[in-house]
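Here is the structure we will look at.
The analysis underlying the following values was restricted to heavy atoms, covering all of them including side chains, and did not include hydrogens, waters or symmetry mates. Per chain, numbering begins at 1; letters A, B, ... match sequence-line order.
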2 protein chains.
Amino acid sequence: MSITNEDTEKPARKPRTRDAEATKARILEAAKKEFSKNGLGGARVDVIAEKANANKRMIYHYFESKERLFQTVLEDAYIDIRTAEQKLKLDDLEPKAALAKLVQFTWEYYLKNPEFITLVNSENLHRAKHLKKSEVIKVASRKFVNMVGDILERGASKGVFRPGIDPVQLNITIAAIGYYYLTNRFTGSIIFERDLMAKEAIDERLQFNVDTIMRLVCA
Amino acid sequence: MSITNEDTEKPARKPRTRDAEATKARILEAAKKEFSKNGLGGARVDVIAEKANANKRMIYHYFESKERLFQTVLEDAYIDIRTAEQKLKLDDLEPKAALAKLVQFTWEYYLKNPEFITLVNSENLHRAKHLKKSEVIKVASRKFVNMVGDILERGASKGVFRPGIDPVQLNITIAAIGYYYLTNRFTGSIIFERDLMAKEAIDERLQFNVDTIMRLVCA
DNA sequence: TAAAGAAGTAACTAGTTAGTGCGTTAAGTG
DNA sequence: CACTTAACGCACTAACTAGTTACTTCTTTA
C-alpha cells in the first residue's frame with residue numbers, strides 16, 4: 001500500500017491542478033451569483049467559497065475583503081455591458097434603426113444577465129460607494145453617452161428626430177422602461193395579476209418599449 | 001428619602017407612560033427607515049429597537065419575527081401610496097390632465113417617500129414572498145389599474161388618445177421612468193457625470209417624463 | 001384596593017459570520 | 001534534484017445577531 005491514496009477509494013480527494021487565474025475566475029463567477037441573489041449584506045463569503053469550489057482563504061488572498069470582492073464583481077459587470085454596447089456598431093446604422101436596436105439590446109441584455117440589475121440595485125443601496133472608486137467605468141460610460149448623442153444629432157439633422165433631445169434623459173429612459181419591468185417582475189406580477197415573465201408578455205413589452213422610444217424621439 | 005428616584009438625579013430614568021399603539025407605531029417607523037436603508041438582510045433588529053426607543057422584546061411581542069415586521073412595513077407602504085392615488089380623484093379630470101397629474105404625483109411621491117422604492121427593491125430581491133401573502137394589496141392595486149384603464153378609455157373615445165393602449169404597460173412605464181431615475185440616482189450621477197438630484201435636474205426630469213407619457217398616449 | 005393582565009426591561013443563548021494564523025503541497029527555476 | 005515561490009486548506013476566533021427567558025412595573029377593573 002502506497003502512502004498516496006489509490007484511485008477508486010476516497011473520491012473526495014482532489015489533486016487539484018494549481019491555477020490562480022482559474023480559481024480567481026471561479027470565485028468571481030460564484031460571487032456574482034451570490035451577491036446578485038442576496039445583495040452585498042445578505043451574501044455569505046462561505047457560500048461563495050463553496051460555490052466556487054475554492055477555499056475561503058483564497059477569497060481573502062485574491063480579493064482582500066468581501067467589499068473589495070463586491071467592487072470587482074460590479075466593475076466587471078459594468079465593463080461587460082459597456083463593451084457589448086460598443087460592439088453594436090450603432091454608428092453604422094440609420095438613426096431610427098440604431099435607436100431601436102439599442103432598446104432591443106438593452107432589454108435582451110437585462111434578460112440574459114439578471115445579475116446585472118440586482119448588482120446595480122445593491123450598489124445603489126450603498127450609495128454607489130464602490131463605483132465611485134472606479135475610473136475605468138467612468139470612461140466607458142462617457143463613450144456610451146456620446147454614442148447616443150451622436151445618433152440623436154444624426155437623426156435631428158436628417159429631420160427624422162426632434163432637435164434638442166437630451167441624450168442623458170433618453171439613455172435613462174431607455175434603461176428605465178426595461179430595467180423597472182424586470183427588477184420588479186415579482187411584485188409586478190402580483191400587483192398587475194399577470195405573469196410578467198411569460199414569453200408573450202416579454203415580447204409584448206419589448207414592442208411597447210421600442211414604440212415608446214420612437215414616439216419620444218421622432219419628429 | 002423616598003424609594004422612588006428624585007426628579008433631578010438619575011436623568012436616564014424614564015417613567016414612560018405605557019401606550020401599546022404608540023410603541024407599535026414607533027417600531028414601525030424605525031423599521032421602515034432601517035429596512036429601507038439596509039434591506040431586509042442588512043437591517044438589524046437591535047438598531048430598530050434602539051431607533052424606536054423601545055425594547056427589542058417589544059418587537060417580538062408585537063410583530064412575532066423580523067420577517068413579519070418587514071411584511072407589515074411593506075404592506076403599510078403599499079397601502080399608503082394606493083390610498084394617496086385614490087385621493088387624486090383623476091376621474092374628475094380631463095384625460096390628458098388626469099394622466100399628467102398621475103405622472104407628476106408618482107414622481108413626487110417617490111421623491112417624498114424614498115423608503116418606498118428601497119422597500120420594493122428589497123421585496124423583489126426576495127421574489128415578493130411577503131407581498132404574495134397580502135390580500136389587501138391585491139384589491140387596492142386592482143382599483144388602481146382600473147382607474148388608469150378608465151382614463152385611457154375616456155381619452156380614446158374623445159379622440160385625444162390612441163385606442164388600444166394596455167393600461168398595465170402604461171402603468172409600468174409611468175412608474176418606471178420615475179422609479180429608475182431615483183433608485184439609481186447614486187450610480188446614475190456617476191455614470192452620467194451629472195448631479196441627478198440637483199433641483200433643476202429633478203424639475204427637468206419631471207417635465208421630460210410628462211412629455212414622454214403624452215407622446216406615448218396621444219393620438 | 002387587591003388581583004390580573006398587559007407593557008416594558010435586562011441579560012442571556014445558540015448559532016452565524018467575516019476574517020486569520022499557520023501549516024501543507026504543487027510547480028517553476030537554477 | 002534541491003530550493004523557493006505561490007497556491008491551497010484546516011481550524012480557529014472575536015464579534016455579532018435573531019430570538020428568548022424570566023423578571024419588574026404600570027394600569028385597569030371588579
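In this pair, A/H130 and A/H126 present their aromatic rings perpendicular. The plane angle is above 60°, beyond the 30 to 60° band. Between A/Y78 and A/F116, the ring planes lie perpendicular to each other; the angle is over 60°, past the 30° to 60° tilted range.
With rounding to whole Å, A/F63 atom CZ is found 14 Å from D/dA7 atom C1'. Rounded to whole Å, atom P of D/dC10 lies 13 Å from atom CG of A/D46. Look at CD on B/E34: it is 13 Å from C1' on D/dT17, rounded to the nearest Å. Atom CG of A/N38 is separated from atom P of C/dT17 by 11 Å (rounded to the nearest Å). Separating the CG atom of B/D19 from the C1' atom of C/dG8 is a distance of 13 Å, rounded to the nearest angstrom. Atom pair A/I27:CD1 and D/dC8:P shows a separation of 8 Å (rounding to whole Å applied). Taking atom CZ of residue A/F35 and atom C1' of nucleotide C/dT17, one finds them 13 Å apart after rounding to whole Å. Distance, A/R44 CZ to D/dC16 P: 15 Å, rounded to whole Å.
Considering only the side chain of A/Y60, C/dG19 comes nearest among D/dA7, C/dG19, C/dT17. In this structure, the nucleotide among D/dA18, C/dA27, C/dG19 sitting nearest to the side chain of B/K56 is D/dA18. Distance from the side chain of A/H61 is smallest for D/dA7 among the nucleotides D/dA7, D/dC10, C/dT9. Ranking D/dC8, D/dT17, C/dA7 by closeness to the B/R18 side chain, first place goes to C/dA7. The side chain of A/M58 lies closest to D/dG9 when the candidates are C/dG8, D/dG9, C/dT17. Distance from the side chain of A/R57 is smallest for D/dG9 among the nucleotides D/dG9, C/dT24, D/dT17. Comparing C/dA7, D/dG9, D/dT17 against the side chain of A/N55 picks out D/dG9 as the nearest.
Residue contacts for A/A43: at a heavy-atom cut-off of 4.0 Å it reaches the sugar-phosphate backbone alone, with no base atom in range.
Aromatic ring centres of B/Y180 and A/Y180 lie farther apart than the 6.0 Å criterion allows.
Atom NZ in B/K66 sits 5.5 Å away from atom CZ in B/R44 (nearest 0.5 Å).
Using a 4.0 Å cut-off between charged nitrogen and carboxylate oxygen, B/R26 and B/E29 do not count as a salt-bridge pair.
Of the two residues contacting DNA chain D, namely B/E67 and A/K24, the nearest-nucleotide position lying further toward the 5' end is that of A/K24.
Side-chain nitrogen and oxygen atoms of B/T23 include at least one within less than 4.0 Å of the OP1 or OP2 phosphate oxygen of C/dG8.
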